[in-house]
Amino acid sequence: MRRSSSSGPNRSWRGAVAVADTVRPEARWTVSRLREFGVRTAMLTGDNERTARVIGDEVGVDEVHADLLPEEKVDAVSRLAADHGPVAMVGDGINDAPALATASVGVAMGAAGTDTAIETADVALMSDDLARVPYLVDLSRRTSQVIRQNVWSSLAVKAVLAIGAPLGVVSVIHAIVVGDMGMSLGVTGNAMRLANVTPETPTVADDADAGGTDGTDGTDGTDGDNEASGRASLDTPTN
């Protein structure tokens with residue numbers, strides 16, 4: 001802003017303009033939902049410590065790691081993986097690409113992300129919506145459960161048929177129909193239940209509730225160089 005025209009030691013500024021990044025409206029809800037899933041979150045950013053702490057408190061993340069260069073983000077992801085197991089890294093910038101490649105699962109923000117980040121990541125959110133991250137966790141866990149159910153049920157049925165057919169308890173034709181066609185239809189039908197898993201859409205009320213739960217009144221998520229990294233096994237029955 002322009003200074004007053006008066007001269008001397010008593011001259012003063014007429015005003016000041018402060019500029020800061022804003023967090024995504026759905027970010028606080030996303031972190032709150034991940035916490036309900038049992039996922040621990042951390043923010044990795046190149047911003048200074050003070051700014052990062054303010055954003056981290058608004059978002060409600062569990063840990064904040066600031067003043068990080070791209071290679072230091074890689075080291076941070078490696079440490080998180082060593083301490084807590086598989087790490088999912090969410091990022092959108094070219095500086096995030098090495099960390100995305102290091103993480104167990106790299107998630108790029110498709111619409112706002114750079115080509116390098118999108119190509120490096122395992123998953124690209126083309127809607128650029130952080131609220132899809134909890135959906136990915138939920139879907140991946142349910143998918144793992146369905147896969148295990150299908151594998152063990154198929155093995156169990158085939159084992160019963162393999163024992164029953166030689167003993168004459170089950171006819172050969174029934175063994176073939178049930179063990180082959182029947183189980184194919186069964187595992188397919190079980191897998192189709194995953195179509196019922198749909199993304200949640202946070203509302204204003206949900207976002208307010210998330211803020212009250214975390215004891216903050218800011219919003220979650222970040223723009224630019226701030227990223228949330230959820231740490232937990234994506235195939236563990238819940239986060």
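Everything numeric here is computed off the predicted structure, so don't read it as measured data.
- Taking every heavy atom of both residues into account, M89 and A103 meet most closely at CB-CB, 3.5 Å.
- Here the CE-CG distance, from M183 to N150, works out to 7.0 Å after rounding to the nearest 0.5 Å.
- Between the side chains of S78 and D75, no donor N or O sits under 3.5 Å from an acceptor N or O.
- With a 6.0 Å radius and a threshold of 12 heavy atoms from other residues, nucleotides or ligands, L194 has its CG atom above the threshold.
- Taking the charged nitrogens against the carboxylate oxygens, D62 and R35 do have a contact shorter than 4.0 Å, which makes a salt bridge.
- When each of V90, D92, L136 is tested with L125 by the rule side chain to side chain contact (heavy atoms under 4.5 Å, CB included), just one qualifies, namely L136.
- The main-chain N or O of V87 is found under 3.5 Å from a side-chain atom of S104 such that the two form a donor-acceptor pair.
- The distance from atom CD1 of I118 to atom CG of L100, rounded to the nearest 0.5 Å, is 10.5 Å.
- The closest side-chain heavy-atom distance from M43 to E63 is not below 4.5 Å.
- A donor-acceptor contact shorter than 3.5 Å links the side chain of D96 to the backbone of G93.
- The minimum heavy-atom distance between G46 and K73, with the atom names listed, is N-CE, 4.3 Å.
- Nearest heavy atoms, D180 versus S184: O-OG, 2.8 Å.
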Please assess D122 against V107 for the test side chain to side chain contact (heavy atoms under 4.5 Å, CB included), listing each intermediate value before the final yes or no.
-> CA-CA 6 Å; D122 302 293; V107 182; over 6 Å; no
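- For the 3.5 Å distance criterion, the side chains of Q145 and R193 fail to qualify, holding no donor opposite an acceptor.
- Within the 3.5 Å criterion, the main-chain N or O of L130 finds a donor-acceptor partner in the side chain of T30.
- The two atoms that bring V64 and G56 nearest to each other are CG2-CA, 3.9 Å, heavy atoms only.
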Intermediate values then yes/no, salt bridge (charged side-chain N to carboxylate O under 4.0 Å, His left out), D83 and R79 = CA-CA 6 Å; D83 294 340; R79 287 195 301 271; over 6 Å; no
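- In this structure, A97 and T116 approach most closely via the heavy-atom pair CB-CG2, 3.6 Å.
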For the pair R33 and V133, evaluate side chain to side chain contact (heavy atoms under 4.5 Å, CB included) and give the outcome as yes or no after the intermediate values.
-> CA-CA 9 Å; R33 194 75 178 94; V133 176; over 6 Å; no
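- For the pair A117 and A108, the tightest heavy-atom approach, listed with the atom from each and the gap, is O-CB, 3.6 Å.
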